[in-house]
Structure formats: structure tokens, C-alpha cells
Amino acid sequence: MPKSSLLCILTTTFKCVKLEGLGLRVNNGQGVRPLSLAGHVGFDSLPDQLVNKSICQGFCFNILCIGETGIGKSTLMDTLFNTNFENLESSHFEPQVKLHAQTYDLQESNVRLRLTVVNTVGFGDQMNKQESYQPVVDYIDRQFESYLQEELKIKRSLHNYHDSRVHACLYFISPSGHSLKSLDLVTMKKLDSKVNIIPVIAKADTISKSELHKFKIKIMSELVSNGVQIYQFPLDDETVAKVNTTMNGHLPFAVVGSTEEVSVGNKMVKARQYPWGVVQVENESHCDFVKLREMLICVNMEDLREQTHTRHYELYRRCKLEEMGFKDTDPECKPVSLQQTYEAKRQEFLVELQKREDEMRQMFVQRVKEKESELKEAERDLQGRFEQLKRLHADEKAALEEKKRLLDEDQSSFGKRRAAAQLLQAQSLTANGKKDKDRKK
Ligand SMILES: Nc1nc2c(ncn2[C@@H]2O[C@H](COP(=O)(O)OP(=O)(O)OP(=O)(O)O)[C@@H](O)[C@H]2O)c(=O)[nH]1
Ligand SMILES: *[C@@H]1O[C@H](CO)[C@@H](O)[C@H](O)[C@H]1NC(C)=O
Ligand SMILES: *[C@@H]1O[C@H](CO)[C@@H](O)[C@H](O)[C@H]1NC(C)=O
Ligand SMILES: CC(=O)N[C@H]1CO[C@H](CO)[C@@H](O)[C@@H]1O
Ligand SMILES: [Mg+2]
């Protein structure tokens, strides 16, 4: 890698300086007069001031690597940045996809770069791959959300905020030579409005030259026919336009990763050694690794950062604010300020509150009425039951009284009969006694 490759970022910063940094508005003939200076003033050092300030602040860049387990993500990152990142081999038995982020501080000459490498863990290893993309989408949205929250604070500190938004997403395609998997297509489709996708064909040393050519064409046509938007190297800027055409034509880059040094000729180069030969990582006739490094790091790092902020984050922010009910224009297309929206929302809220209160009051009255009628019903019921019981009781009483009367009658007739019988007995006794006496006489 050329020594000053990170400095290329600075050159691209200039174009923004020219357009926005100075805050100049070319306003033809509208009260602005061009003047010439009689001598040196010093504001021609503004770009240098910006460069110095940028160097002081340092830069930050976040890469997301999506690819199945063991496809060579960590090896490629190590090769790209010429270092040894922390590499944990992941198992093939993760129950779901996870994301692992690690931040590093790198320095090249006097430029400091805070690099975050995010790796998917267990991507494509589940039996059911239906929801494999969701953790990735959630991760990207979370980073956008925390930036938005910082931006919406009253006391913002965006200058020293650690921006964790994903600037570039390397999507590792397995070198099957056939076509994309549906998981690849679905995932890229879900991500293409959220992040700059740079597809790469991993382990490109395992695919033959003619097959690789066909594979690249197939992949691009599949991406187009499925409407997947991948990151295009910018063509509107003269500083990078020279490399544009050829580079966009080489997509997706076929890459080989290796940190192993092999001696070729009289030099040590990064390569993969095989029984039949050597694949040189940094040889352009062997693979597109150099092209990827050139485009990702030397030429377009700043564009990737800018696109993330102006396109992807802007879209997230817009959707989020619209979801919250903020709009730039009212239904008649007149512009409304945040203040007006707030007032309108507040009014709406108060009206809604009043409505809810009324509703609740009505409901309360309704409920009381219902309860009252329910109680009345119950009372009537009880009354009815009571009447019935009373009637039953009266009936029973009458029946018992009747029985008693009958019994009394029985008793009195029995008494009469008994008295008659006693009388009869007494009479017969006296009659017998007379006879006996008579007989004895
Ligand atoms: N043939 C070939 N093998 C490669 C290439 N890059 C990496 N490998 C090998 O692939 C294996 C896995 O590489 P890693 O870089 O650990 O893969 P990974 O995607 O980081 O794996 P996890 O982090 O475990 O998901 C290692 O044995 C590497 O040597 C390549 O470009 N070509
Ligand atoms: C920028 O920094 C360099 C060295 O660090 C210094 O020579 C130069 O004067 C600085 N320029 C400005 C505009 O501050
Ligand atoms: C790149 O590879 C080609 C083909 O293998 C070889 O002829 C050439 O010398 C290599 N270039 C370098 C710089 O090693
Ligand atoms: C495809 C494309 O638009 N390529 C452009 C690349 O940049 C040059 C200028 O250097 C243009 O002429 C090409 O049209
Ligand atoms: Mg790894």
C-alpha cells in the first residue's frame, strides 16, 4: 500500500471545502460584486487549515463484513489493513446470527483512523435462514438511531461523538461459480437502502478464470434483475473519474486473502502457496485484491462516509421523523416549521385528550346506568323469589292447618267413640254385677 494512501481521503475532502466549507454562494448579479485583491491576504490557506484540523481530529471508518462462517472475512480484513485484527473462529452451530464489533486505532504517517470492523457470526448456518438478515438490519438501524438521538439532543456533542454508523458493507459471495443464493439476494435487498454494499467474491483462487468471468456477469445480472442497488464508484468527480469506468466494470471484485509471506523471485509477497503454484494476493493478474483496496481505502473512503451520511442516514432520519409526525410542508404544500408542527401536534393532542376524557365520562355514566339496571333487575328477581317462597310457605301452612284440623277432628271423634265405649263397658259391667247378685241370691 502506498505510504500516503490515507492522505487521498484528504484530497477528496477538498471538494467539499470548495463547495460548502467556505460557505460561498455564487449569486450572479444579485448584489455580489467580484473584487480583486491588491496583495496577499491569507485566506488561501483555508484548505490547509481544514487539512490540519482534520488530521488533528482523526478519522473514523466502520466496515461491516457479511458472509458465511469460514468464507475468509477475517483473513481479508487482515490483508487489507496489513495488520492482525482480533480473530475468533466461530462455530457452525450458532442458533442465530449475531454481530461482533471491534474498534481499533490505526495510524499511517500522521493520519489517525479509528476503524470498527463488524463481523457476522453464524451467518447462513441455521437450518431456517428466514430471519438471517434481521440481526444485520437491526444492527445498522441501531447505529443510525443512536446518531439521530445525539443529533436531537439539546446539548449535542457531535464533534467528539463516536460515529458507529456502517460506512461500507463487504458482502462475501461464496465462489460457487453458479449464481447467488437466495439468502444473498434477500439480505442485499434488505440492506441496499441502509448501507453501501460492495459485493466481493471470496476465495477467488478456487474458481477458474473463464468461470470467474461468467460468474461475475451472472451475479451482476441477478443483482440488476432483483433491483439490488450496490455501491457505485462515483463518476461525477474529476479526481476519481479516471478510475471509475474500469473499476465499476470489474464489480464484484474477486478477492484472495492471505497474510502469509512467500518468496517470489527475490521478493517476499503476500500469497497463498499451493502444491502447483503460488497465488499472489497483490498481483492484479491473479485477483482483484489491489483494486478493492484501492477503491475502498485510497479513493473512495471519504465518499463512502459521505454517502452514508447524506443518503442512507438521511433516509433513515426522514422516515423516523415522519413516523414521529414531523413534516416540512403542510397538506397545501406550504412550509411548516418545527415549532408549528409542535404546536399543531400539541393542539391535536389536547383535542384528543379532551375527546378521550369525554368518552371516558360517557362510558362511566353508561356503566353506572348499566350497573343500576342490573341491580334493579336483581332486586326484582329477588322480590319475585321472595314472593314465590312466601306463596309456597303459605300453601304449606294451609296444607298443614288442614291436616291439623283433620287430625283434631279425628281426635275428637276418637274421644267421643272412646267415651261411648267406656259408657258401654260401664253399663255392661253393672248389668253383669246385677246378674251375679241375682244368681247368688
Ligand atoms: N482458498 C482460500 N482460502 C482462504 C482465503 N481466505 C481465507 N481462506 C481460508 O479460509 C479459512 C477461514 O478463514 P477466516 O478468515 O478465518 O474466515 P472467517 O470468515 O473470518 O471465519 P469466521 O470468522 O469463523 O466466520 C482459513 O483457513 C483461511 O486460510 C482465500 O482467499 N482463498
Ligand atoms: C498545517 O500544519 C503544518 C505542519 O503541521 C504547518 O506547517 C502549516 O503551517 C499548517 N497550516 C495551517 C494553515 O495551519
Ligand atoms: C503477476 O503474475 C503474472 C502471472 O502469474 C506474472 O507474469 C507477473 O510477473 C506477476 N507480477 C509480479 C509483479 O509479480
Ligand atoms: C461510466 C462513466 O461515466 N465513466 C466516466 C468516467 O470518468 C470519465 C472522465 O474521467 C468520463 O469521461 C466517463 O464517462
Ligand atoms: Mg473471522
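Counting starts at 1 for both ligands and their atoms, in listed order. Keep in mind that the numbers below use all heavy atoms, side chains included, and drop hydrogens, waters and symmetry copies.
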* To do: Mind running side chain to side chain contact (heavy atoms under 4.5 Å, CB included) on Met301 and Phe61 for me, showing each step along the way?
  => CA-CA 8 Å; Met301 210 177 216; Phe61 194 69; 3.5 Å; yes

* To do: Work out how many protein N, O or S atoms lie closer to the Mg ion (ligand 5) than 2.8 Å.
  =>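 Step by step: take the Mg ion (ligand 5), keep protein N, O, S below 2.8 Å, and you get 1.
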
Side-chain ([X]) to main-chain ([Y]) donor-acceptor, under 3.5 angstrom:
X: Lys73; Y: Glu68; answer: yes
X: Asp78; Y: Phe85; answer: yes
X: Arg165; Y: Asn62; answer: no
X: Gln307; Y: Asn196; answer: no

* **Test side chain to side chain contact (heavy atoms under 4.5 Å, CB included) applied to Phe253 and Asp288, Leu170, Val290, the passing residue** =>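 Only one option passes, and that is Asp288.
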
Which heavy atom of the protein is the closest neighbour of [atom], given with residue, atom name and distance?
atom: atom 17 (O) of ligand 1; answer: Gly72 N, 3.1 Å
atom: atom 14 (P) of ligand 1; answer: Thr75 OG1, 3.5 Å
atom: atom 29 (O) of ligand 1; answer: Arg272 NH2, 3.4 Å
atom: atom 20 (O) of ligand 1; answer: Ser74 OG, 2.6 Å
atom: atom 10 (O) of ligand 1; answer: Lys203 NZ, 3.1 Å
atom: atom 18 (P) of ligand 1; answer: Lys73 N, 3.5 Å
atom: atom 21 (O) of ligand 1; answer: Gly70 N, 3.0 Å

* Within 6.0 Å of CD in Gln130, more than 12 heavy atoms from elsewhere ->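 Counting neighbours around CD of Gln130, 12 or fewer heavy atoms of other residues, nucleotides or ligands fall under 6.0 Å, so no.
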
* Asked: Are there more than 12 heavy atoms of other residues, nucleotides or ligands under 6.0 Å from atom CZ of Phe349?
  ->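 At most 12 heavy atoms, drawn from other residues, nucleotides or ligands, come within 6.0 Å of this atom.
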
* If you measure from each heavy atom of Asp205 to ligand 1, is any distance below 4.0 Å? ->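 Right, Asp205 reaches ligand 1.
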
* Asked: Does Tyr274 come within less than 4.0 angstrom of ligand 1, counting non-hydrogen atoms of the residue?
  ->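 Distance cut 4.0 Å: Tyr274 passes for ligand 1.
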
* Heavy atom under 4.0 Å from ligand 1: found in Val256's side chain, backbone, both, or neither? ->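 Both parts.
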
* Answer side chain, backbone, both or neither: which part of Phe123 comes under 4.0 Å from ligand 1, heavy atoms only. =>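 The answer is neither; Phe123 stays 4.0 Å or more away.
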
Hey, could you give me the [atom1]/[atom2] distance between [X] and [Y], rounded to the nearest 0.5 Å?
X: Ile198; Y: Gln232; atom1: CD1; atom2: CD; value: 10.5 Å
X: Lys194; Y: Lys190; atom1: NZ; atom2: NZ; value: 9.5 Å
X: Leu223; Y: Ile230; atom1: CG; atom2: CD1; value: 5.5 Å

* Between Glu151, Gln143, Arg318, which is the residue that forms a side-chain hydrogen bond (donor to acceptor under 3.5 Å, both in side chains) with Tyr313? ->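 Per the side-chain hydrogen bond (donor to acceptor under 3.5 Å, both in side chains) rule, the option paired with Tyr313 is Glu151, out of Glu151, Gln143, Arg318.
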
* To do: Answer yes when Glu377 and Arg380 have at least one side-chain N-carboxylate O distance shorter than 4.0 Å, and no when they do not.
  =>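 Yes, Glu377 and Arg380 are salt-bridged.
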
* Basic-acidic side-chain contact under 4.0 Å: Glu302, Arg305 ->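 Answer for the salt bridge query: yes.
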
* Is there a protein heavy atom less than 4.0 Å away from atom 25 (O) of ligand 1? ->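 Protein heavy atom within 4.0 Å of atom 25 (O) of ligand 1: present.
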
* Asked: Between Ser90 and ligand 1, does any nitrogen or oxygen pair lie at a separation below 3.5 Å?
  ->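 Yes, since at least one N or O of Ser90 sits under 3.5 Å from an N or O of ligand 1.
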
* Any nitrogen or oxygen of Thr69, main chain or side chain, under 3.5 Å from a nitrogen or oxygen of ligand 1? ->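 No, since none of the N or O atoms of Thr69 sits under 3.5 Å from an N or O of ligand 1.
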
* List for me each residue that meets ring pair (Phe, Tyr, Trp, His ring centres under 6.0 Å) alongside Phe93, sequence neighbours excluded, and say none if there are none. =>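 Once residues adjacent in sequence are excluded, Phe93 has no partner under the ring pair (Phe, Tyr, Trp, His ring centres under 6.0 Å) criterion.
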
* For Glu211, which residues count as a side chain to side chain contact (heavy atoms under 4.5 Å, CB included) partner, sequence neighbours excluded? ->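 Side chain to side chain contact (heavy atoms under 4.5 Å, CB included) list for Glu211, sorted by chain: Ile207, Ser208.
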
* **Parallel, tilted or perpendicular, as decided by the 30° and 60° cut-offs, for the rings of Tyr231 and Phe233** =>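 It falls in the perpendicular class, over 60°.
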
* For ligand 3, list the protein residues that place a heavy atom within a distance below 4.0 Å of one of its atoms, sorted by chain and number. =>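 Ligand 3 is contacted, at a heavy-atom distance under 4.0 Å, by Gln280, Asn283, Ser285, His286.
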
* For ligand 1, which atoms have a heavy atom of Gly257 less than 4.0 angstrom away? ->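 Going through ligand 1 atom by atom, the ones under 4.0 Å from Gly257 are 5 (C), 6 (N), 30 (C), 31 (O).
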
